[in-house]
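For reference, the structure is listed below as structure tokens.
Just so it is clear: chains get the letters A, B, ... in the order the sequence lines come, proteins before strands, and each one is counted from 1.
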Number of protein chains: 2
Amino acid sequence: MTLKELSNILGLSPTTVSRALNGYPEVSEATRKRVAAAAREHGYAPNTRARSLATGRAMAIGHVIPISAKHEMVNPVFGDFIAGAGEVYSRNGYDMLLSVVPDDDEDSAYRSFITKRNVDGIILHAPTLNDPRIPLLNSLGLPYVVHGRSSDTDASYAWVDVNNKRAFQRATEFLLDLGHRRIALVNGLEHMDFAIRRRAGYEAALTARGITPDAALMFAGEMTEAQGHDLTRTLLAQPNAPTAILVSSMITAIGVRRGIEEMGLRMGRDVSLITHDDELSYFRNGADIPVYTATRSSVRDAGRKAAQMLIDIMQHRDSPREILLEADLTLGLSTGPATPLHAGTR
Amino acid sequence: MTLKELSNILGLSPTTVSRALNGYPEVSEATRKRVAAAAREHGYAPNTRARSLATGRAMAIGHVIPISAKHEMVNPVFGDFIAGAGEVYSRNGYDMLLSVVPDDDEDSAYRSFITKRNVDGIILHAPTLNDPRIPLLNSLGLPYVVHGRSSDTDASYAWVDVNNKRAFQRATEFLLDLGHRRIALVNGLEHMDFAIRRRAGYEAALTARGITPDAALMFAGEMTEAQGHDLTRTLLAQPNAPTAILVSSMITAIGVRRGIEEMGLRMGRDVSLITHDDELSYFRNGADIPVYTATRSSVRDAGRKAAQMLIDIMQHRDSPREILLEADLTLGLSTGPATPLHAGTR
DNA sequence: CCAGTTTTCCAAACCGCTTTGAATAGCTTA
DNA sequence: TAAGCTATTCAAAGCGGTTTGGAAAACTGG
């Protein structure tokens with residue numbers, strides 16, 4: 001069913017039918033009703049491609065999902081982020097276009113979005129330190145919103161981010177308050193912006209208490225379960241083992257926990273653990289009593305906010321261009337006071 | 001840069017330029033080269049919307065991601081499935097369109113894909129028993145491939161699936177061989193097709209050994225970590241507790257493990273555990289020695305295969321329309337013989 | 001050298017919608 | 001009742017490509 005066919009059925013011109021359906025004032029209420037009824041009856045919906053060719057708007061938003069070329073890893077938070085963003089898109093009539101690209105070849109994905117003209121805006125994922133994609137997108141002139149921020153960039157851009165520094169600073173202070181002095185940091189890849197900020201928070205808290213951050217206690221890597229496990233085993237086997245571990249992802253935390261228990265120790269008693277929790281839907285941190293003490297912020301909510309911001313930008317609506325979400329610190333069973341033994345001897 | 005502009009620069013007609021770029025034979029090799037060079041130099045790429053309006057092909061494939069309306073849960077396997085499919089799409093020039101929809105309203109998503117004409121094909125996720133979407137899509141007449149199958153449907157359709165029944169039958173047999181007699185099943189939602197097949201495999205293995213499946217040992221629910229944990233605790237607290245547990249997802253298995261250990265028992269010694277492993281990228285089952293004994297099949301590979309099959313169908317290429325992937329059974333540390341104590345008294 | 005092919009290129013129509021500019025119909029108002 | 005508005009409707013021109021049906025140019029061979 002095309003517009004022309006429908007207009008023939010109605011004995012009207014395509015012009016009038018189009019206007020009736022799009023709510024233009026130059027059409028009488030009577031015919032508008034008649035047209036709407038006929039459209040519904042015949043199941044007419046405008047052909048997206050024709051419409052967007054005519055209007056110049058694609059009514060679609062692009063996401064570039066980077067796959068780490070080395071480890072073929074897809075970030076588990078994407079699922080929930082996209083679920084949140086998708087909600088907002090469909091409410092506003094936008095489609096979501098996904099492009100899965102090895103992260104050493106992302107430029108071409110953005111370029112092709114632009115030159116092929118099939119999206120009106122982009123969400124930028126997983127920004128790094130001084131991310132080159134930001135100047136790239138600025139020069140290409142397509143609206144975009146960054147999920148996260150990019151330290152050391154002077155260019156300006158719209159973003160939605162969690163206050164990673166504050167979150168990890170608070171978490172570290174909390175551990176310090178419990179008497180821990182040797183606290184390990186198991187972080188994401190070190191060029192990732194969120195990892196940089198979390199580390200900054202961690203170091204700031206230590207320094208404020210007169211403790212010099214120890215490079216031997218700080219780790220960066222891809223946030224898999226295995227990484228958490230392996231690191232923990234080596235860490236705890238050291239003579240000068242940490243009494244607490246601060247972890248950047250729930251999934252890694254599970255590995256850390258496994259490591260702790262394999263060593264015959266107990267989480268929350270022998271070793272304390274705080275993790276960041278993105279509130280992934282299939283991995284709720286205990287509905288009743290949280291298993292893990294965690295800095296918590298819903299990535300799905302971030303998805304909603306980023307999507308809304310992008311739509312606002314595209315429609316030239318006036319609204320904030322920077323949103324900083326605070327993570328709360330939820331108390332779980334994975335933290336406890338540094339035991340005298342540990343606290344004393346170390 | 002539009003086709004017309006480019007053709008003006010070259011002093012050629014749009015027709016010729018279009019043909020040159022699309023590899024038609026009616027253009028001399030010399031001009032083809034000249035055109036290609038100019039296109040590259042000026043960064044010309046055809047406008048997707050205009051092109052697909054003209055050709056009638058959208059060059060895009062739709063995925064409908066259902067969000068369980070009740071639990072707002074997004075299936076963790078989507079990320080990896082989509083990563084696999086995306087690879088194949090981009091290699092073939094297709095875009096991927098995602099529609100995130102509450103699972104009580106999926107019909108409208110498919111219908112809108114069709115009426116708005118913005119995809120050439122669809123991948124159907126998470127099929128259920130006698131899934132109504134299959135007849136719907138058959139009547140709509142849009143090419144599609146199902147990731148999974150739908151029991152009890154007489155309609156025919158193209159699919160890529162894991163041999164779930166065989167996998168769980170083998171796993172159950174393996175546990176039986178180890179002397180286990182009371183084996184619990186922690187499955188996905190019971191209307192999901194994969195869950196039905198896995199249960200069938202489990203029951204078949206038991207029955208073949210003269211054991212009547214015990215309804216008190218079979219559970220169905222959303223596959224979260226919490227569910228695994230909670231079920232395990234109640235199960236193991238029973239007087240007649242199972243000595244082995246068969247689990248449908250790695251994430252649930254983690255919860256089961258947590259439950260086991262909280263009860264002061266050891267996985268692989270006091271309680272055996274086999275899980276299905278989709279080989280999620282951030283949750284590899286131990287690179288060296290697998291932690292879990294598991295029925296294993298890469299969901300990313302399934303994504304690749306499903307995408308390729310769909311493209312073959314859309315391009316009327318002759319290739320299989322049904323792919324059954326066998327899961328292998330990898331031996332890990334989570335299984336062991338039923339201890340005499342357990343095997344004897346129960 | 002010329003009719004018959006084959007190559008190479010082009011003008012124009014079309015895909016399905018929106019939008020501009022103009023025409024028609026229906027009301028007012030003087 | 002004619003002139004002047006306003007409320008409706010429509011024809012036609014795009015949007016940026018592809019594709020059909022020729023036409024011109026370049027090659028054949030007799």
Side-chain angles (χ1 to χ4, degrees), chain A residues 1-36 38-39 42-60 93-95 112-120 315, chain B residues 1-36 38-39 42-60 93-95 112-120 315:
Chain A
M1 174 64 52
T2 71
L3 182 66
K4 204 199 291 186
E5 288 166 13
L6 185 65
S7 64
N8 279 339
I9 293 177
L10 284 161
L12 288 170
S13 75
T15 309
T16 306
V17 177
S18 168
R19 287 187 159 154
L21 293 174
N22 291 310
Y24 283 74
E26 306 94 327
V27 55
S28 74
E29 213 39 55
T31 54
R32 188 193 304 285
K33 284 225 178 73
R34 205 158 64 88
V35 170
H42 295 87
Y44 168 79
N47 179 317
T48 314
R49 312 198 295 275
R51 159 181 276 191
S52 64
L53 179 56
T55 58
R57 284 166 297 141
M59 293 309 283
Y94 283 88
D95 288 326
S112 113
F113 268 153
I114 311 270
T115 52
K116 290 164 67 188
R117 298 268 121 103
N118 47 9
V119 301
D120 300 321
Q315 302 184 348
Chain B
M1 174 64 51
T2 71
L3 183 65
K4 204 197 294 186
E5 289 166 13
L6 185 64
S7 64
N8 279 339
I9 293 177
L10 284 161
L12 288 170
S13 76
T15 309
T16 305
V17 176
S18 168
R19 287 187 159 151
L21 293 173
N22 290 309
Y24 283 75
E26 305 94 327
V27 54
S28 74
E29 213 40 54
T31 54
R32 188 193 304 287
K33 284 225 179 72
R34 202 159 65 87
V35 170
H42 295 87
Y44 169 79
N47 179 317
T48 315
R49 313 198 294 273
R51 159 182 274 190
S52 65
L53 178 58
T55 58
R57 284 165 299 141
M59 292 308 283
Y94 283 88
D95 287 326
S112 108
F113 268 155
I114 310 272
T115 52
K116 290 162 68 186
R117 300 268 123 109
N118 47 10
V119 301
D120 300 321
Q315 302 185 347

In chain order, what residues pass the side chain to side chain donor-acceptor pair (under 3.5 Å) check against T115(B), with sequence neighbours excluded?
none
Residues in contact with DNA chain C, drawn from residues 46-55 of chain B - heavy-atom cutoff 4.0 Å
L53(B), A54(B)
Backbone of T48(B) reached by a side-chain donor or acceptor of N118(A) within 3.5 Å
no
Side chain to side chain donor-acceptor pair (under 3.5 Å) involving S112(B) - partner list, sequence neighbours excluded
none
Excluding sequence neighbours, so at least two apart, what forms salt bridge (charged side-chain N to carboxylate O under 4.0 Å, His left out) with R32(A)?
E29(A)
Indicate whether any N or O donor in one side chain lies under 3.5 Å from an N or O acceptor in the other, for R49(B) and S52(A).
yes
Between D120(B) and R57(B), is there a donor-acceptor pair closer than 3.5 Å when you use the side chain of the first and the backbone of the second?
no
4.5 Å side-chain heavy-atom contact, R19(A) and V35(A)
no
What pairs with A50(A) under side-chain contact (heavy atoms from CB on, under 4.5 Å), at least two apart in sequence or on another chain?
N47(A), L53(B)
Taken in chain and number order and not counting sequence neighbours, the residues that satisfy side-chain contact (heavy atoms from CB on, under 4.5 Å) with A38(B) are L6(B), L10(B), H42(B)
Identify, with sequence neighbours excluded, every residue that meets side-chain contact (heavy atoms from CB on, under 4.5 Å) alongside L3(B).
P14(B), V17(B), S18(B), Y44(B)
Report, as a single string ordered 5' to 3', how protein heavy atoms within less than 4.0 Å touch nucleotides 6-12 of chain D: B base, S sugar-phosphate only, - not at all.
--SBBBB
Of all residues at least two apart in sequence or in a different chain, which pass the side chain to side chain donor-acceptor pair (under 3.5 Å) check with T16(B)?
S13(B)
Mind checking what makes side chain to side chain donor-acceptor pair (under 3.5 Å) contact with T55(A), not counting sequence neighbours?
none
Walk along DNA chain C from 5' to 3' and tell me the first and last nucleotide with an atom closer than 4.0 Å to a non-hydrogen atom of chain A.
dG16(C) to dG21(C)
For DNA chain C, determine which residues of residues 112-119 of chain B have any heavy atom closer than 4.0 angstrom to one of its atoms, and list them numerically.
none
